[in-house]
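Everything numeric here is computed off the predicted structure, so don't read it as measured data. Naming convention: chains lettered A, B, ... in sequence-line order (proteins, then strands); numbering from 1 in each chain.
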4 protein chains.
Amino acid sequence: MDLPAWEPRRVVAMAAVLPDGVTPPGTRGRILQAGLELFAESGFAGASIRQIARMVGINSATLYAHYPSKGHVLAELVRIGHEEMRARLAEAADGTRNDSAARQLTALVRAHVLVHTDYPLLAVVTNSELHALDPELAAPSLQLRDECRRLLADVLERGIKNGEFSLPDPLLAVTAIGGLGVQVAHWFGPALDRRREQVADQYAKFALRMVSPDR
Amino acid sequence: MDLPAWEPRRVVAMAAVLPDGVTPPGTRGRILQAGLELFAESGFAGASIRQIARMVGINSATLYAHYPSKGHVLAELVRIGHEEMRARLAEAADGTRNDSAARQLTALVRAHVLVHTDYPLLAVVTNSELHALDPELAAPSLQLRDECRRLLADVLERGIKNGEFSLPDPLLAVTAIGGLGVQVAHWFGPALDRRREQVADQYAKFALRMVSPDR
Amino acid sequence: MDLPAWEPRRVVAMAAVLPDGVTPPGTRGRILQAGLELFAESGFAGASIRQIARMVGINSATLYAHYPSKGHVLAELVRIGHEEMRARLAEAADGTRNDSAARQLTALVRAHVLVHTDYPLLAVVTNSELHALDPELAAPSLQLRDECRRLLADVLERGIKNGEFSLPDPLLAVTAIGGLGVQVAHWFGPALDRRREQVADQYAKFALRMVSPDR
Amino acid sequence: MDLPAWEPRRVVAMAAVLPDGVTPPGTRGRILQAGLELFAESGFAGASIRQIARMVGINSATLYAHYPSKGHVLAELVRIGHEEMRARLAEAADGTRNDSAARQLTALVRAHVLVHTDYPLLAVVTNSELHALDPELAAPSLQLRDECRRLLADVLERGIKNGEFSLPDPLLAVTAIGGLGVQVAHWFGPALDRRREQVADQYAKFALRMVSPDR
DNA sequence: AATGAATGAGCTTTCATTCAT
DNA sequence: CATGAATGAAAGCTCATTCAT
């Protein structure tokens with residue numbers, strides 16, 4: 001098996017893409033995108049307000065006409081990331097409300113993976129930089145994050161109850177399946193030569209196998 | 001299912017433990033431990049040489065009598081982390097050289113998980129701060145990391161060849177199984193009320209299910 | 001004797017009162033009052049244009065539609081303060097032109113004290129922030145200030161000449177008596193439980209005793 | 001009477017003199033002197049850490065090896081100023097403990113004036129910049145200040161009780177006499193051509209006249 | 001091995017001010 | 001008359017690192 005060289009970078013993908021409709025117009029939006037790129041690459045502490053401003057092409061003081069602090073830029077990114085995640089997971093769960101737990105889990109994992117392939121930089125920032133936020137700035141995102149975990153926990157619970165799944169310790173399954181997608185954001189990119197659906201489908205199958213009773 | 005509250009911290013565990021026999025004696029070792037704790041908590045960029053020195057109880061200039069730069073402290077931690085990882089994985093692979101691929105995979109995943117439960121801070125630093133290292137400081141660790149992935153890839157390849165495993169896209173299995181353990185370092189701690197072996201066993205079962213042919 | 005607790009604040013009084021008829025109408029006047037309050041409390045350098053604007057309820061850029069610079073706001077306040085002072089002292093001196101030097105000095109000191117009790121914030125700004133003005137902005141006020149000192153010097157001179165006063169070094173009396181009122185602006189306020197006339201009368205008596213020949 | 005031109009500067013004197021034995025050795029002391037000069041001239045808010053550093057001839061970062069913040073430099077100056085004041089006043093009061101109240105008041109006012117002629121910059125900073133200090137940094141000085149006022153209040157009380165003084169409202173005498181010296185710091189300097197004792201003697205006589213019964 | 005003093009570069013943030021709208 | 005966006009300069013302070021002792 002050919003293993004591609006390990007990338008010491010935090011994210012392999014390059015494009016600082018934000019979900020449709022959430023990028024504010026004008027300078028404010030360009031600040032957000034520059035923050036996304038730099039926070040993803042270097043972390044919150046490793047990226048400076050001047051770097052962001054330089055990337056946007058403005059004076060660093062101008063940034064403060066749009067965001068009250070560096071932390072607020074991160075907070076908005078983290079919030080957007082969590083909202084996209086929650087929206088996609090909720091839609092996946094909702095669209096399969098009446099299906100088998102297996103189908104619903106598949107939908108959830110696919111959605112989870114796809115949000116990481118579609119917005120890898122955002123996902124990395126969302127997952128890895130929460131610790132840098134002041135508690136009051138982090139609070140809204142923390143709640144969204146709990147809702148996401150709840151969606152996964154619920155489908156597992158349902159599958160266990162109706163016998164589709166076999167899980168002696170469901171909480172560990174939540175952490176394991178939840179962790180699957182997270183890693184995707186780090187390595188997914190054009191170099192790996194897999195389409196997004198390929199990864200999503202494969203990872204959904206992994207998840208399904210993880211929870212299914214041994215034969 | 002009761003989901004414990006999500007922790008915005010990077011690591012839930014507290015003790016800055018290093019593998020036996022690798023901590024240098026005296027001040028040099030205490031610097032390493034302080035660096036471990038602070039880099040794990042705040043990241044390389046977010047932790048300062050003065051914080052490290054304060055935690056050790058020395059003047060920040062004294063640090064330079066032991067390490068030529070802040071980066072070298074991180075480099076040593078990252079190297080130790082990778083060496084422990086490689087040693088444990090190699091031992092697991094070696095001890096099951098003549099067993100089935102399933103048994104060998106089980107041993108590998110168990111070892112992988114256990115190195116994350118035993119040294120969570122070290123694992124977080126090892127996995128998340130490589131990007132902050134100068135290339136020449138990172139190089140030795142990058143090679144160790146490739147060896148670790150090779151071990152996992154090899155057992156998967158063997159299982160596929162002899163029919164134990166069924167994997168249309170083995171590379172994705174490497175990323176998925178490899179990612180399983182990584183996440184453990186973030187949440188494993190006394191609060192979650194699972195013993196290290198419980199997690200290791202369960203995760204090994206997950207991995208095995210992931211690669212096993214559907215019924 | 002009960003000494004009230006010393007106030008580390010620059011002015012004890014709170015109301016940003018300006019003399020009748022000098023406050024410009026509309027926003028311009030509200031800027032002046034906000035400047036008065038903030039310059040009195042924090043000094044010219046310690047108060048920012050944005051604080052003033054916030055207190056007025058306008059954008060900081062709007063301020064420049066009314067005053068060409070921060071310094072001009074201070075200059076107008078300082079000018080108003082000096083003009084009020086000159087007007088009151090001149091009126092006091094004029095109204096007692098034909099009285100004894102003692103009566104005239106009494107009138108002057110009373111007026112001097114009262115202008116400090118009536119406009120304590122203005123007095124503090126007028127006395128303490130002149131140094132922050134550009135020379136050309138300060139010039140008109142400097143002249144008014146000299147006229148005020150002249151009035152005091154003249155009455156002392158007259159009293160010495162006609163034997164009412166006994167002062168080996170009249171210049172020191174000018175500084176001492178002039179300084180009496182200045183301090184009043186800092187501590188006069190409702191907390192000290194003295195009416196304005198009480199203070200004025202008492203200070204005038206002090207001044208008179210200072211200049212009168214020992215028995 | 002020739003009135004010298006009014007000086008818009010905060011202090012006429014130039015030499016940044018500190019009392020004997022209180023200037024710390026080396027850079028720390030030179031920082032203190034530069035702070036004294038600049039805070040006296042421009043106020044705390046109007047003087048910058050970089051100006052201080054430039055005057056000392058050091059990098060602005062070096063300042064933080066000696067003082068933890070700009071406020072701490074001011075706090076030390078203010079404390080020194082208050083301690084010198086308290087020491088001189090206490091010595092004056094103590095040395096005349098068994099004399100008449102008149103003699104004791106004379107000694108106090110003389111001491112008060114002399115501390116302002118001897119350390120005019122320090123006196124201005126001490127008196128005018130307390131408001132810029134954080135409460136916890138100001139607290140020690142506030143207590144010293146109260147002790148000073150107490151010394152003056154006590155002698156006035158004694159003089160009133162034994163009939164030497166006649167003061168219907170002694171509190172106003174405290175403010176007036178206390179204010180006498182304060183102003184001296186602003187204008188005392190070589191230009192005014194008065195020796196320190198001349199001013200002290202004259203002001204002491206003024207104070208004595210202020211409190212003595214009219215003939 | 002350890003220190004205090006020092007530094008140049010850089011940090012986040014605020015400053016007074018300008019300008020097109 | 002008022003604004004939001006923008007700016008260069010500067011604010012207080014911290015950074016990793018050096019060096020003489």
Side-chain angles (χ1 to χ4, degrees), chain A residues 25-28 30-31 44-53 56-73, chain B residues 25-28 30-31 44-53 56-74, chain C residues 25-28 30-31 44-53 56-74, chain D residues 25-28 30-31 44-54 56-74:
Chain A
T27 304
R28 191 178 158 94
R30 304 211 327 279
I31 291 170
F44 180 71
S48 85
I49 226 80
R50 280 169 159 89
Q51 280 179 288
I52 298 177
V56 175
I58 56 172
N59 188 293
S60 72
T62 303
L63 198 144
Y64 289 85
H66 299 276
Y67 292 92
S69 79
K70 185 186 173 190
H72 283 80
V73 178
Chain B
T27 303
R28 191 177 159 92
R30 306 218 319 286
I31 290 171
F44 179 71
S48 84
I49 224 83
R50 279 171 150 88
Q51 278 179 288
I52 298 176
V56 175
I58 56 171
N59 187 293
S60 71
T62 303
L63 199 144
Y64 289 85
H66 299 275
Y67 290 93
S69 82
K70 183 186 173 191
H72 283 79
V73 179
L74 175 59
Chain C
T27 303
R28 193 178 157 91
R30 306 222 312 289
I31 290 171
F44 180 71
S48 84
I49 223 81
R50 280 171 151 91
Q51 278 179 288
I52 297 176
V56 174
I58 57 171
N59 187 293
S60 71
T62 303
L63 198 144
Y64 289 85
H66 299 275
Y67 290 92
S69 81
K70 183 186 174 191
H72 283 79
V73 179
L74 174 60
Chain D
T27 303
R28 192 178 158 94
R30 299 203 341 271
I31 291 171
F44 179 70
S48 84
I49 226 81
R50 280 169 162 89
Q51 279 179 286
I52 298 176
R54 193 180 322 129
V56 175
I58 56 171
N59 189 292
S60 72
T62 303
L63 197 145
Y64 288 87
H66 299 276
Y67 291 92
S69 79
K70 185 187 171 190
H72 282 79
V73 179
L74 174 59

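Across the protein-nucleic acid pair, I31(D) atom CD1 and dG4(E) atom P stand 16 Å apart, rounded to whole Å. The distance between atom CD1 of I52(A) and atom C1' of dG10(E), rounded to the nearest whole Å, is 15 Å. To the nearest angstrom, P of dT17(F) lies 6 Å from CD1 of I49(B). Counting to the nearest Å, the C1' atom of dC1(F) and the OH atom of Y67(C) are 15 Å from each other. Atom NZ in K70(C) sits roughly 15 Å away from atom P in dT14(E) (whole-Å rounding). Atom pair Y64(A):OH and dA11(F):P shows a separation of 17 Å (rounding to whole Å applied).
Rounding to the nearest 0.5 Å gives a distance of 8.5 Å between CG of N59(D) and CZ of R50(D). Between atom CG of residue L63(D) and atom CD1 of residue I52(D) there is a gap of 6.0 Å, rounded to the nearest 0.5 Å.
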Step-by-step side-chain contact (heavy atoms from CB on, under 4.5 Å) determination, V73(A) to K70(A): CA-CA 5 Å; V73(A) 178; K70(A) 185 186 173 190; 5.7 Å; no

Check against side-chain contact (heavy atoms from CB on, under 4.5 Å), I31(D) and T62(D): CA-CA 10 Å; I31(D) 291 171; T62(D) 303; 6.0 Å; no

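As the counterpart of dA20(E), dT3(F) is assigned, both hydrogen-bonding distances of the Watson-Crick or G-U wobble pattern falling under 3.5 Å. Under the Watson-Crick or G-U wobble criterion, with both distances below 3.5 Å, dT14(F) is paired with dA9(E).
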Where protein sits on nucleotides 2-9 of chain F, one letter per nucleotide: B base, S sugar-phosphate only, - none, heavy atoms under 4.0 Å: SBBSBBB-

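The 5' end of DNA chain E is approached more closely, in terms of each residue's nearest nucleotide, by P68(A) than by the other of P68(C) and P68(A). Along DNA chain F, the nucleotide nearest S48(D) and the nucleotide nearest G71(B) are compared for position; the residue whose nucleotide lies closer to the 5' end is S48(D).
Among the protein residues, A53(C) comes within range of no part of the nucleic acid, since none of its heavy atoms lies under 4.0 Å from any strand. Residue contacts shown for A47(B) are limited to sugar-phosphate atoms, with no base heavy atom under 4.0 Å away.
When all heavy atoms of S60(A) and A53(A) are compared, the pair lying nearest together is CA-CB, 3.5 Å. Taking both residues in full, the closest heavy atoms of R28(D) and H66(D) are given as NH1-O, 2.7 Å, listed atom of the first, atom of the second, then distance.
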